[in-house]
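Here the structure is laid out as C-alpha cells; the discussion comes afterwards.
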Amino acid sequence: LQAAIKGEPAGKEATRFITVITDGQANGWRADATAEWASIRALSQRSRPPVILRAVLAGDDSGPVSNLAVQGLTAARAVAAVGQPVALTATVKNTGTLKAQAVPLAWTAGGQSIGLSTVPALDPGAETTVTLSQPFPNPGLVDISCQLTGHDDLSLDDSARFLLNVTESAPILVVEGESHFDPLQSDSAYFLSALGWQASGDTSTKTASLASIFRPKLINYQKLGGETLASFQCVVLANVPRLSDDTVQKLARFVNSGGGLWIALGDQTEVAAFNKEFFASGAGLSPASLKQPVGEALDREKFTAVSPPSAEHPATVLLADTHRLDIDRLRIFRRHQLDTGNDQSISVLLRAEGGSPLVVEKIFGRGRVIIQAIPLNVSW
C-alpha cells in the first residue's frame with residue numbers, strides 16, 4: 001500500500017484509485033500494527049494529486065477449511081556476526097475450521113537444508129511459535145525460509161522467507177562532546193564497553209576487551225565535519241555541543257541514504273540550537289523537539305522510574321525481560337523533555353513512568369533516527 005501511494009500517477013493531475021481485493025481474511029494484514037496503518041492513512045491524505053483507497057470483498061468462506069499458515073518468520077537480530085548463532089522464529093497459526101495435526105516444518109538457508117522442526121497439533125484459531133538456532137559461517141545476505149510439509153486447502157501460506165545479513169563487522173562512528181576527566185561522566189567509555197571495546201589513551205585506536213562484531217571509531221565532535229560517513233553503518237552522537245549547519249546537513253544526507261543516527265542528549269545539548277538545526281519545525285532529523293530539561297542530577301530524593309518497554313521492537317526486546325534485567329528499578333534524576341506532538345509516524349521505544357517519552361525513533365528517508373533524553377553515562 002505504501003508503494004502504491006508513493007507511485008507515480010498516470011497523469012500530472014490524475015487522481016489515484018488504489019483497490020484491495022480481499023476474501024476478508026485477517027491473517028497477514030498485521031491489523032494490530034496501528035502506528036503503521038495510521039502512517040499509511042496520513043500518507044494518503046497528504047498525497048497530491050489525491051489518493052482514494054477502497055476495498056472489494058470477494059469469495060465465500062462457508063464450509064470446513066483445513067489450513068495451517070506460516071504467519072511470519074523473524075530473526076532475533078537482522079544483522080548477525082559470522083559464526084554467531086541466530087534464533088530464527090516461525091509463527092504458525094491454524095486459520096482453518098478443522099483441527100490441524102502435528103506436521104514437520106523444514107528450514108533452509110540459501111536453498112540448503114539447515115534443520116527440521118515439528119509444529120504441534122493446533123485447534124482452530126490457535127497459534128504457536130517454532131524456533132531454530134543456527135550459526136552461519138560466511139558473510140553476505142542469507143535467504144532463510146521455512147516450509148510446512150503437510151497438505152491443506154491453501155498452500156500459498158505454508159511458507160515464509162527472511163533475509164538475514166551476516167557480516168564480519170559493523171563499523172560505527174562514535175562522536176563525543178567535550179572530554180570529561182571523570183570516567184563516570186564519559187558517554188563514550190560506557191558506550192564502547194557495551195559494544196565490547198575499551199578506548200585506549202589514544203582515542204584513534206581501541207583495544208578489544210572481548211569478541212565483538214562492532215568496529216567503532218571514536219572522534220571528537222569538532223572533527224565530524226571532515227569525516228567520511230559512507231563507510232559507517234551508524235553514527236552515534238554522544239552528548240555533543242552545537243554542530244554547524246553544514247555538519248547537520250551532512251548527517252541528514254547520510255541518514256536519508258540508509259544510515260542510522262543515534263543521538264544521546266545530555267548536559268552539553270543546547271535546546272534552542274537543537275530545535276533549530278535538528279528538529280527544524282518538524283522537517284529535520286529529529287522526530288521530536290526539546291523542552292528544557294527537568295530534574296536535578298544531584299538530587300537523589302526526586303526521580304522518575306522507567307516503564308518496562310515492549311518486547312516487540314528489536315531495540316527493546318532484551319530490555320523488556322525484567323526477570324533478567326532490573327530496568328524496572330532504574331531511577332532517572334534528570335532528563336530532557338521530548339515533545340513528539342501528534343506525529344503518528346514516531347515510535348516511542350522507552351517511556352518514563354507517567355508516559356513521558358525517553359527514547360523515540362523515526363524513519364528518515366531510507367534510514368532511521370533514534371533520540372534518547374538521557375546521556376549514555378550514569379550522571380543523570
Side-chain angles (χ1 to χ4, degrees), residues 30-39 71-72 74-80 85-91 127-129 131 133 184 187 190-191 193-196 214 234 236 238-239 260-266 269 286-288 290-291 293-297 299-363 368-380:
R30 295 183 60 205
D32 58 341
T34 54
E36 286 82 353
W37 285 110
S39 176
Q71 294 205 299
T74 60
R77 56 192 69 219
V79 180
V86 180
L88 306 170
T89 301
T91 302
E127 70 175 49
T128 188
T129 56
T131 301
S133 183
L184 293 180
D187 294 72
Y190 277 93
F191 190 73
S193 296
L195 296 183
F214 301 105
C234 179
V236 179
N239 189 15
L261 178 63
W262 183 353
I263 303 178
L265 308 173
T269 301
S286 175
L290 300 186
K291 298 178 180 178
V294 293
E296 296 296 333
D299 184 356
R300 302 300 184 177
E301 299 299 321
K302 299 178 181 179
F303 56 82
T304 182
V306 178
S307 299
S310 166
E312 297 177 357
H313 195 286
T316 57
V317 61
L318 295 179
L319 297 179
D321 187 355
T322 55
H323 294 290
R324 292 190 294 172
L325 296 180
D326 58 355
I327 191 171
D328 54 327
R329 297 203 298 271
L330 188 67
R331 300 292 179 259
I332 296 178
F333 304 104
R334 183 172 173 80
R335 59 181 170 86
H336 281 276
Q337 296 187 87
L338 304 176
D339 185 0
T340 60
N342 296 317
D343 193 339
Q344 298 295 321
S345 65
I346 297 175
S347 299
V348 179
L349 305 186
L350 205 60
R351 292 183 184 272
E353 196 173 47
S356 299
L358 288 174
V359 181
V360 296
E361 172 197 52
K362 184 178 182 180
I363 301 299
R368 74 179 69 207
V369 181
I370 289 179
I371 311 285
Q372 71 176 54
I374 53 178
L376 293 169
N377 60 37
V378 297
S379 60
W380 284 13

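Residues take their numbers from the sequence shown, with the count starting at 1.
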Quiz item: T91 versus E127: any side-chain heavy-atom pair under 4.5 Å?
Solution: yes
Exercise. Give the minimum heavy-atom separation between F333 and K302, together with the two atoms involved.
Key: CD2-O, 3.4 Å
Quiz item: Quick one: OG1 on T316 to CD on E361, what's the gap to the nearest 0.5 Å?
Solution: 9.5 Å
Quiz item: Mind checking whether R334 and E296 have side chains closer than 4.5 Å, heavy atoms only?
Solution: yes
Quiz prompt | CG-CD1 distance between L261 and I370, expressed to the nearest 0.5 angstrom | solution = 9.5 Å
Quiz item: Atom CD1 in I371, atom OG1 in T340: separation rounded to 0.5 Å?
Solution: 12.5 Å
Quiz item: If every non-hydrogen atom of W380 is compared with every non-hydrogen atom of A297, which pair is closest and at what distance?
Solution: CD1-CB, 3.9 Å
Practice problem: Kindly give the heavy-atom pair with the smallest separation between A320 and P309, and that separation in Å. | Solution: CB-O, 3.3 Å
Quiz prompt | Where L376 and Y190 come nearest, the two heavy atoms and their spacing | solution = O-CB, 3.4 Å
Quiz item: Is a side-chain N or O of R331 found less than 3.5 angstrom from the main chain of R329, in a donor-acceptor match?
Solution: yes
Quiz item: Going from SG on C234 to CZ on R368, what distance comes out if it is rounded to the nearest 0.5 angstrom?
Solution: 10.5 Å
Quiz item: Out of curiosity, I327 CD1 to D321 CG, how far, rounded to the nearest 0.5 Å?
Solution: 11.0 Å
Quiz item: How about L358 and I332: do any of their side-chain heavy atoms sit closer than 4.5 Å?
Solution: yes
Quiz item: Can any side-chain N or O of D328 pair as donor or acceptor with the backbone N or O of P308 at less than 3.5 Å?
Solution: no
Self-check item: Reported CG-to-OG1 distance for the pair L319 and T322, which is rounded to 0.5 angstrom
Solution: 11.0 Å
Quiz item: Below 4.5 Å, heavy atoms only, C-beta onward: do I374 and L265 meet side chain to side chain?
Solution: no
Exercise. Compare every heavy atom of T269 with every heavy atom of N239, then report the nearest pair and how far apart it is.
Key: OD1-N, 3.9 Å
Quiz item: Does the T89 side chain pair with the main chain of T74, one donor and one acceptor, at a distance under 3.5 Å?
Solution: no
Quiz item: With no hydrogens and no angle check, is any side-chain donor or acceptor of S347 less than 3.5 Å from a backbone partner on L349?
Solution: no
Quiz item: Can you name the nearest heavy-atom pair linking L88 to A75, along with the distance?
Solution: CD2-CB, 3.8 Å
